[in-house]
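What follows is one structure encoded as structure tokens, with my remarks underneath.
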Amino acid sequence: MRATRFLMPTLRDAPADAQALSHQLLVRAGFVRQIGAGLYSYLPLGWRVHRRVEQIIREEIDRIGGQEMLMPVLHPAELWKRTGRYAIPELFKLTDRVGRELVLSMTHEEIIALHAAEAIRSYRDLPQIWYHIQIKERDEPRPQAGVLRTREFIMKDSYTLDRDAAGLDAGYALHEQAYDRIFRRSGIRFYKVESDVGMMGGSGAHEYMAPSPAGEDRVALCDGCDYAANVEMAVAVPRAAEAPTGAPLEEVATPGVTTIAALAAFLGIDEALTAKSVIVVPADEQGGVVLAVVRGDHRLHDLKLTKAIGAPHRPATPEEIRAAFGADPGSIGAVGIPDGAVREVIVDREIERGGYVVGANRTDHHLRGAELGRDYAARVADIRHAEDGERCVHCGGTLRIEPMIEVGNIFKLGVRYSAAMGALFLDEEGREQPVWMGSYGIGPARILASAVEQFADDRGIVWPQALAPFDVWIVPIGDDARAAADDLERALTAVGLDVMVDDRDLSPGVRFADAELVGVPLRLTIGKKLATDGVIELKHRATGEGETLTLAAAPAHLRALVDQAMAW
RNA sequence: CGGGGCGUAGCGCAGCCUGGUAGCGCACGCGCUUUGGGAGCGCGAGGCCGUCAGUUCGAAUCUGACCGCCCCGACCA
């Protein structure tokens, strides 16, 4: 490929609205261009990388027996109504000219189940692994960080179809193997972490996470063992608090004290000896408010509480709190709640035992020594936020919490979709059974962006060899070098390398800078030393190290370097 | 959806407060020079100043509405 004929609009300055490093560099280096909020075109450089990622994924899903197919983006709305997903706010909905309702799909469980309903008749037809690499549409409330969170993106999604839970486990395990190979081959740093199965149920899920400051997820990692979990799931041992039991319940006046910090200061005690009450209003038909209680120095985790309640929720307003408890916010507690004031009390398991200072449900008063069981009843659940620096429940090591980009996920769906769509088969006893499904996603653009985030330096992108848009970038300097560059390009192409020759009539400095910005791993400079010493120069983008070699030696040497860089 | 910010040439920005013929850097075209780390000189092209409506003799500039984009939060099955 010749730079003079290649669309590669590099910029000296990044657009002002690009925040994430990957966003800035991908635009600056000419890989992508923004069309609208969360909408991007991939220019030739970007698309080359994307296709390399896709190809790795394709090879590895094929290796575990996946069958590639292609399903439409536009679906009849009726299918989504059947599975109850039509109400998802992120689902794009539209009508055609005669008023038929359609959706732009965000995943393909419905279609897969539909095909299964038609094609799978017997246990003899199972198992199956079907996948495609297709555009997905999501009406994101807030697209951000360049290509990391977009409204339209390409996703590999595969689906396993099995006769029972054991079969699903096997299909899941195959995907664990495939995903491990995919991310290792991509060259990015990643973790496999425990993840929430979400409101849709399901029996198990993991996410594949690439550490990056631009990541939207938070993952707890143990330095002593391989425990890794999304904070939505993470459990940790908090710092110990000596909350004595057996003391009588005692009311204390706490005038003007409405925060935990003020309460602890007023009483001269550790915040960990208090209990924090949070009142929320679930968004379901049942009505009423829920009182959630965590230790005073802990944070409530919204998603954990959502799971505990079984519905999303919002904070109660001060008026709602006064109406239910007859006391101001800041003096609310689980002891002595007026009859019918709440539909449920949920306390975090860290304060299941011990006596704590709680709100007295009387403005400007608290209670000392409140104990679960003796003084009040509640359901116990894990609803607190695990914190950086807390100890691992498995090994006692130290947990740290890092931002990460979700690059893939694997999910045991069970029979939810197959049952809704009538994907049934006959087992060996002739009984009708629903197909057991799993779904497995990967976002190639996120792998691409993660690589930029993880390896870029102050000169630009540094691609892992496996993802680079070109393997080799040749900079010929001087007229004599042009012919040599042509010969070298042919020779390198002949050994299977992707080669860019920067034949632009620009100063060497500009071309070196562009080569570094674009991030191709190997750069060859053809200059004066060819005439004087018969050699050209090779420079490694990642390390900056250089060496010289002869034209004749270049093809075999570079081929070996590329192979070595992609070995794993 | 709540809060904040920004829309002027391909990119980065100034001009707006205080209304009067739209500018700078980079990039781009032509010529000459230059050729191992973002070259020099000269000439040149490129803008419905987001849109619409007001105010005014006159609007990039003042007012209003709308649209778009970014950030924080909410949301993200």
Side-chain angles (χ1 to χ4, degrees), chain A residues 7-20 23-24 27-30 33-40 43 80 83-92 106-107 109-110 136 138-146 148-151 153 195-202 205 207 214 216-217 230 232 280 283 302-303 306-307 310-315 406 409 411 413-414 416-417 420 439 441 458-460 475-482 502-518 523-532 536-537 539 544 546 548:
Chain A
L7 173 60
M8 187 175 63
T10 56
L11 300 171
R12 205 153 184 165
D13 303 303
D17 53 13
Q19 302 285 317
H23 188 191
Q24 293 177 11
V27 174
R28 266 191 68 201
R33 282 294 184 270
Q34 182 170 11
I35 301 305
L39 302 171
Y40 286 83
L43 305 186
W80 288 68
T83 57
R85 298 171 91 198
Y86 189 68
I88 295 174
E90 284 72 28
L91 185 65
F92 272 111
M106 41 200 294
T107 58
E109 281 83 359
E110 280 80 1
K136 308 285 170 176
R138 291 192 187 179
D139 190 359
E140 289 289 348
R142 189 177 159 198
Q144 60 190 327
L148 281 174
R149 188 162 207 87
T150 55
R151 293 193 292 178
F153 58 98
S195 76
D196 178 30
V197 295
M199 298 297 288
M200 301 299 276
E207 290 164 335
E216 297 178 289
D217 283 278
N230 195 309
E232 297 169 357
V280 300
D302 272 344
L303 195 66
T306 297
K307 281 184 285 183
H313 53 83
R314 62 169 175 82
E406 182 186 351
N409 62 65
F411 196 98
L413 288 174
R416 178 195 157 79
Y417 292 93
S439 81
D458 57 0
R459 296 183 171 202
V475 180
I477 296 171
D479 292 336
D480 295 344
R482 306 279 163 157
D502 192 349
D503 57 342
R504 295 176 297 175
D505 187 22
L506 295 171
S507 74
V510 173
R511 290 183 287 160
F512 289 150
D514 266 357
E516 282 156 358
L517 177 62
V518 168
R523 188 183 84 202
L524 286 174
T525 304
I526 307 177
K528 285 189 293 250
K529 287 184 189 168
L530 182 61
T532 57
I536 59 176
E537 290 153 86
K539 190 160 190 174
T548 59

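Here the structure is a predicted model, which is why all the values come from computation and not from measurement. So you know, we letter chains A, B, ... as the sequences are listed, proteins then strands, and number each from 1.
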In the strands shown, is [N] matched to any nucleotide by a Watson-Crick or G-U wobble pair with both distances under 3.5 Å, and which?
{"N": "rC69(B)", "answer": "rG5(B)"}
{"N": "rG64(B)", "answer": "rC52(B)"}
{"N": "rA45(B)", "answer": "none"}
{"N": "rA27(B)", "answer": "none"}
{"N": "rC75(B)", "answer": "none"}
{"N": "rA39(B)", "answer": "rU33(B)"}

Nearest-angstrom distance, [atom1] atom, [N] to [M]:
{"N": "rG58(B)", "M": "rG46(B)", "atom1": "C1'", "result": "27 Å"}
{"N": "rA27(B)", "M": "rC71(B)", "atom1": "C1'", "result": "28 Å"}
{"N": "rG25(B)", "M": "rA14(B)", "atom1": "C1'", "result": "11 Å"}
{"N": "rU34(B)", "M": "rA39(B)", "atom1": "C1'", "result": "7 Å"}
{"N": "rU21(B)", "M": "rU63(B)", "atom1": "C1'", "result": "25 Å"}
{"N": "rG10(B)", "M": "rG50(B)", "atom1": "P", "result": "13 Å"}
{"N": "rG68(B)", "M": "rC52(B)", "atom1": "C1'", "result": "14 Å"}
{"N": "rA53(B)", "M": "rG73(B)", "atom1": "C1'", "result": "34 Å"}

- Message: Checking salt bridge (charged side-chain N to carboxylate O under 4.0 Å, His left out) between Asp514(A) and each of Arg459(A), Arg28(A), Arg504(A), Arg12(A), which is the one that passes?
- Response: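 That would be Arg504(A).
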- Query: Does a side-chain heavy-atom distance below 4.5 Å link Glu406(A) with Ser195(A)?
  - Reply: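 The answer is no; the side chains never approach within 4.5 Å.
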Check nucleotides 69-71 of chain B against the protein and report each pair of N or O atoms closer than 3.5 Å, with its distance, or say if there are none.
{"residue": "rC69(B)", "atom": "OP1", "partner": "Ala37(A)", "partner atom": "N", "Å": "2.8"}
{"residue": "rC69(B)", "atom": "O3'", "partner": "Gln34(A)", "partner atom": "NE2", "Å": "3.4"}
{"residue": "rC69(B)", "atom": "O2'", "partner": "Asp17(A)", "partner atom": "OD2", "Å": "3.1"}
{"residue": "rC70(B)", "atom": "OP1", "partner": "Gln34(A)", "partner atom": "NE2", "Å": "3.0"}

[X] [atom1] to [N] [atom2], straight-line distance once rounded to whole Å:
{"X": "Asp13(A)", "N": "rC11(B)", "atom1": "CG", "atom2": "C1'", "result": "6 Å"}
{"X": "Glu90(A)", "N": "rC1(B)", "atom1": "CD", "atom2": "C1'", "result": "13 Å"}
{"X": "Arg314(A)", "N": "rC1(B)", "atom1": "CZ", "atom2": "P", "result": "18 Å"}

Looking only at heavy atoms, which two atoms of [X] and [Y] are closest? And how far apart?
{"X": "Pro143(A)", "Y": "Arg151(A)", "answer": "CG-CG, 3.8 Å"}
{"X": "Phe92(A)", "Y": "Asp139(A)", "answer": "CE1-N, 3.4 Å"}
{"X": "Thr525(A)", "Y": "Ile536(A)", "answer": "O-CB, 3.5 Å"}
{"X": "Arg33(A)", "Y": "Leu43(A)", "answer": "CG-CD1, 3.7 Å"}
{"X": "Ala515(A)", "Y": "Arg523(A)", "answer": "CB-CD, 3.9 Å"}
{"X": "Asp196(A)", "Y": "Ala205(A)", "answer": "O-CB, 4.1 Å"}

- When we call it a touch if two heavy atoms are under 4.0 Å apart, what does Pro89(A) touch: a base, just sugar-phosphate, or nothing?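 Contact class for Pro89(A): base.
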- Message: Any base atoms under 4.0 Å from Pro15(A), or only sugar-phosphate, or nothing? Heavy atoms, all strands.
- Response: sugar-phosphate
- Under 4.0 Å protein heavy-atom contact, by nucleotide of nucleotides 32-41 of chain B - B base, S sugar-phosphate only: ---BBBBS--
- Go through the steps for Gln34(A) and Leu39(A) under the test side chain to side chain contact (heavy atoms under 4.5 Å, CB included), then give the verdict. CA-CA 6 Å; Gln34(A) 182 170 11; Leu39(A) 302 171; over 6 Å; no
- Task: Output all residues satisfying side-chain hydrogen bond (donor to acceptor under 3.5 Å, both in side chains) with Arg149(A), sequence neighbours left out; order by chain, then residue number.
- Result: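 If we apply the side-chain hydrogen bond (donor to acceptor under 3.5 Å, both in side chains) test to Arg149(A), skipping adjacent residues, the hits are Glu140(A), Glu216(A).
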